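Structure first, then comments.
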Amino acid sequence: MPMLELTSPPPPYIVSMISQGIAHENELSSVARYDFAIVEREGDAIIGGVTASISFAALFINNIWVERHARGRGVGRALVTAAEAEGVRLGATMGCVDTLSTQAPYFYASLGYSEFGRLEGWVDGNAVDRIWFRRPLRSHALA
């Protein structure tokens, strides 16, 4: 008899198994997904990185991180630009990303992303919204 099991946080092997299962089902229905990561190095140290995926001709920026000491030097902008270029190379026509109102909404707006959705929320009594952004890639890449 099936049994539900809650794991928190989920172990990596369960996350991987679920992701692989979805990827397999998508392949069967011709909905391919391509995952990639780009990192910025300073010597041997990674000082920033972005993970992204492409599906439905859209680039989804999943995570982006820059070491505190490297912020404000254009590393984040370079990472997003590189991810967009890879997306365009693989046929993406739209870039999508989500962030929290306490994180990087102004950063994405400065890159030409427009808000298209917002989920209002609260964390420890403070307003924290999750915001979704998008922007066309082809016209920008050709400009």
Side-chain angles (χ1 to χ4, degrees), residues 4-143:
L4 293 175
E5 176 185 343
L6 170 69
T7 60
S8 180
Y13 81 92
I14 288 179
V15 173
S16 178
M17 184 178 65
I18 293 169
S19 293
Q20 288 175 8
I22 291 169
H24 178 70
E25 290 299 319
N26 286 344
E27 287 172 13
L28 294 176
S29 64
S30 299
V31 178
R33 177 178 160 155
Y34 172 72
D35 298 311
F36 64 93
I38 300 170
V39 297
E40 174 84 11
R41 293 181 183 269
E42 197 170 71
D44 290 336
I46 293 175
I47 60 167
V50 60
T51 61
S53 58
I54 298 169
S55 184
F56 295 105
L59 167 71
F60 295 93
I61 297 173
N62 301 320
N63 291 296
I64 184 168
W65 160 82
V66 176
E67 279 278 6
R68 285 196 183 276
H69 79 272
R71 293 179 188 167
R73 298 186 345 204
V75 174
R77 182 175 295 273
L79 289 166
V80 171
T81 299
E84 290 174 342
E86 179 67 358
V88 168
R89 186 181 77 77
L90 294 167
T93 59
M94 177 71 60
C96 298
V97 64
D98 70 280
T99 190
L100 299 178
S101 57
T102 56
Q103 292 177 333
Y106 301 109
F107 171 70
Y108 294 109
S110 77
L111 296 175
Y113 283 78
S114 300
E115 181 178 330
F116 73 92
R118 181 181 291 250
L119 180 62
E120 296 175 347
W122 295 88
V123 175
D124 297 328
N126 299 308
V128 178
D129 298 346
R130 188 166 190 176
I131 309 167
W132 285 266
F133 290 90
R134 68 177 170 208
R135 102 178 172 88
L137 295 180
R138 288 265 183 223
S139 61
H140 177 73
L142 299 174

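Fair warning: this is a prediction, and the values are worked out from it, not measured in the lab.
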Identify the heavy atoms of [X] and [Y] that sit nearest to each other, and give their distance.
{"X": "Asp129", "Y": "Glu120", "value": "OD1-CA, 3.3 Å"}
{"X": "Ala37", "Y": "Thr51", "value": "CB-CG2, 4.1 Å"}
{"X": "Ala83", "Y": "Ile38", "value": "N-CD1, 3.6 Å"}
{"X": "Val128", "Y": "Ser101", "value": "CA-OG, 3.5 Å"}
{"X": "Gly91", "Y": "Ala57", "value": "O-CB, 3.8 Å"}
{"X": "Ile46", "Y": "Arg41", "value": "CG1-NH1, 3.7 Å"}

Answer yes or no: is there a donor N or O on one side and an acceptor on the other, between the side chain of Thr99 and the main chain of Ala104, under 3.5 Å? yes
Taking C-beta and beyond as the side chain, do Thr7 and Pro10 meet within less than 4.5 Å on heavy atoms? yes
What I'd like to find out is whether the side chain of Glu86 reaches to under 4.5 Å of the side chain of Tyr34, using heavy atoms alone. yes
Under 3.5 Å donor-acceptor pairs involving side-chain atoms of residues 73-81, not counting sequence neighbours:
{"residue": "Arg73", "atom": "NH2", "partner": "Glu42", "partner atom": "OE2", "Å": "2.6"}
{"residue": "Arg77", "atom": "NH2", "partner": "Ser110", "partner atom": "OG", "Å": "3.4"}
{"residue": "Thr81", "atom": "OG1", "partner": "Arg77", "partner atom": "O", "Å": "2.9"}

Measuring from atom [atom1] of [X] to atom [atom2] of [Y], what distance do you get when rounded to the nearest 0.5 angstrom?
{"X": "Arg134", "Y": "Phe60", "atom1": "CZ", "atom2": "CZ", "answer": "11.5 Å"}
{"X": "Tyr13", "Y": "Ile18", "atom1": "OH", "atom2": "CD1", "answer": "10.0 Å"}
{"X": "Arg135", "Y": "Phe116", "atom1": "CZ", "atom2": "CZ", "answer": "14.0 Å"}
{"X": "Ser55", "Y": "Asp35", "atom1": "OG", "atom2": "CG", "answer": "9.5 Å"}
{"X": "Leu100", "Y": "Ile131", "atom1": "CG", "atom2": "CD1", "answer": "8.0 Å"}
{"X": "Ile14", "Y": "Ser19", "atom1": "CD1", "atom2": "OG", "answer": "12.0 Å"}

Let me see the working for Leu59 and Ile61 under side chain to side chain contact (heavy atoms under 4.5 Å, CB included), right down to the final yes or no. CA-CA 6 Å; Leu59 167 71; Ile61 297 173; 4.3 Å; yes
Can you tell me which residue among Arg130, Gln103, Arg118 is in a side chain to side chain donor-acceptor pair (under 3.5 Å) with Asp98? Arg130
So Phe133 and Tyr108, would you call those rings parallel, tilted or perpendicular, with 30° and 60° as cut-offs? tilted
Is the NE2 atom of His69 crowded by more than 12 outside heavy atoms at less than 6.0 Å? yes
